[in-house]
Engineer: 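Next up is a structure, given as structure tokens.
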Amino acid sequence: MLLTAFVILLTCGLAQSFHLSALLANMASAAVIVNRALFIKRRIQKVFADFAIVFYALFFITGGAHLDLSSIPAIGVLGMIYFLTRLVGKIGGAHLGAVLGRAGATVRKHIGFSLIPQVGVAVALALVVGREFGTGDYGQAGVDLSSLVVNILLFTTILTEVLGPYLTRRALIQAGEARTVEPARS
């Protein structure tokens, strides 16, 4: 755990020194580390398995704390366009990837719907946009744009997290990878 914390802090420090994204730097360093030494991946997963849920909760709580509910009416059409194009992009991109990877017809048909709830990076990027552009360094227009982007991403994340698990479950059942659970009889 100490070594993991050291790597994260070192990566954040280096990213800040070179004016790079700490999020992307940590994602890249983690990808390199676990692909160079699989045993490290297993040890990290074992160490964090018991309290990873705390990090997930803190991550989404931090994101939710930046959502301005009064801006939801202003998001309107732009938010729905973003939400729908994101859905189309995920479903279409996953389908294209499955076609290029020569996956079976069932996988090609259903893989996109099972990826819809994956929004962690979008939330993190929304927070980065808020931090970088919401400071006032770019004037009021930067603050307004930052607020709009953050609120669109966070609001559509809520929609995705509500709708996504249902669509994932439905896709898995239709693909034959999961079964429906019969209600318990009393």
Engineer: Less than 4.5 Å apart, any side-chain heavy atom of Val150 and any of Ser147?
Structural biologist: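 Result no, sub-4.5 Å side-chain heavy-atom pair not found.
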
Engineer: Would a hydrophobic clustering, with Ile, Leu, Val, Met, Phe, Trp and Tyr connected at side-chain separations under 4.5 Å, put Val149 with Phe155?
Structural biologist: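 Yes.
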
Engineer: Rounded to the nearest 0.5 Å, what separation is found between the CD1 atom of Ile91 and the CG atom of Leu96?
Structural biologist: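 Rounded to the nearest 0.5 Å, the CD1-CG separation comes out at 14.0 Å.
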
Engineer: Quick check: closest heavy atoms across Arg108 and Ala98, and the distance to 0.1 Å?
Structural biologist: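 Smallest interatomic distance, heavy atoms only, reads CG-CB, 3.6 Å.
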
Engineer: Could you tell me the separation between the OH atom of Tyr82 and the OG1 atom of Thr85, rounded to the nearest 0.5 Å?
Structural biologist: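 The OH atom of Tyr82 sits 7.5 Å away from the OG1 atom of Thr85.
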
Engineer: Return the CG to OG1 distance between Leu163 and Thr168, rounded to the nearest 0.5 Å.
Structural biologist: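 It is 9.0 Å, given to the nearest 0.5 Å.
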
Engineer: Could you tell me whether the side chain of Leu14 reaches within less than 4.5 Å of the side chain of Leu20, counting heavy atoms only?
Structural biologist: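 Leu20 does not reach Leu14 side chain to side chain.
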
Engineer: In the single-linkage hydrophobic clustering (I, L, V, M, F, W, Y; side-chain heavy atoms under 4.5 Å), do Ile75 and Leu154 co-cluster?
Structural biologist: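 Looking at the clustering, Leu154 is in the same group as Ile75.
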
Engineer: Roughly how far, to the nearest 0.5 Å, is CD1 of Ile8 from CG of Asn26?
Structural biologist: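 Output value for this atom pair is 6.0 Å.
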
Engineer: Are Val143 and Gln140 side-chain neighbours, meaning at least one heavy-atom pair lies under 4.5 Å?
Structural biologist: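 A side-chain contact under 4.5 Å exists here.
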
Engineer: Do you know the tightest heavy-atom contact between Ala25 and Ala15?
Structural biologist: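 Looks like CB-CB, 3.9 Å.
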
Engineer: Quick check: is Ile173 connected to Phe113 through a chain of hydrophobic side chains (ILVMFWY, heavy atoms under 4.5 Å apart)?
Structural biologist: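 They do not share one cluster, since no chain of ILVMFWY contacts under 4.5 Å joins Phe113 to Ile173.
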
Engineer: Same hydrophobic cluster for Leu115 and Leu153, using side-chain heavy-atom links shorter than 4.5 Å among ILVMFWY?
Structural biologist: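 The answer is no; the residues belong to distinct hydrophobic clusters.
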
Engineer: What pair of heavy atoms forms the shortest contact from Gly164 to Ile116, and how long is it?
Structural biologist: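 Taking Gly164 first and Ile116 second, the nearest heavy atoms are CA-CG2, 3.9 Å.
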
Engineer: Measure across Val162 and Pro165 and return the closest heavy-atom pair with its distance rounded to 0.1 Å.
Structural biologist: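 Val162 and Pro165 have their closest heavy atoms at O-CD, 3.9 Å.
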
Engineer: Quick one: OG1 on Thr157 to CD1 on Ile152, what's the gap to the nearest 0.5 Å?
Structural biologist: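 With rounding to 0.5 Å, OG1 (Thr157) is 11.5 Å from CD1 (Ile152).
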
Engineer: Measure the spacing between CG of Leu84 and OG1 of Thr156 and express it to the nearest 0.5 Å.
Structural biologist: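 Interatomic distance, Leu84 CG to Thr156 OG1, rounded to 0.5 Å: 10.5 Å.
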
Engineer: Treat each ILVMFWY residue as a node, draw an edge where side-chain heavy atoms are under 4.5 Å apart, and state whether Val34 and Met27 are in one component.
Structural biologist: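 No, Val34 and Met27 fall in different hydrophobic clusters.
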
Engineer: Return yes when atom CD of Gln174 has more than 12 non-hydrogen atoms of other residues, nucleotides or ligands closer than 6.0 Å, and no otherwise.
Structural biologist: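 Enclosed.
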
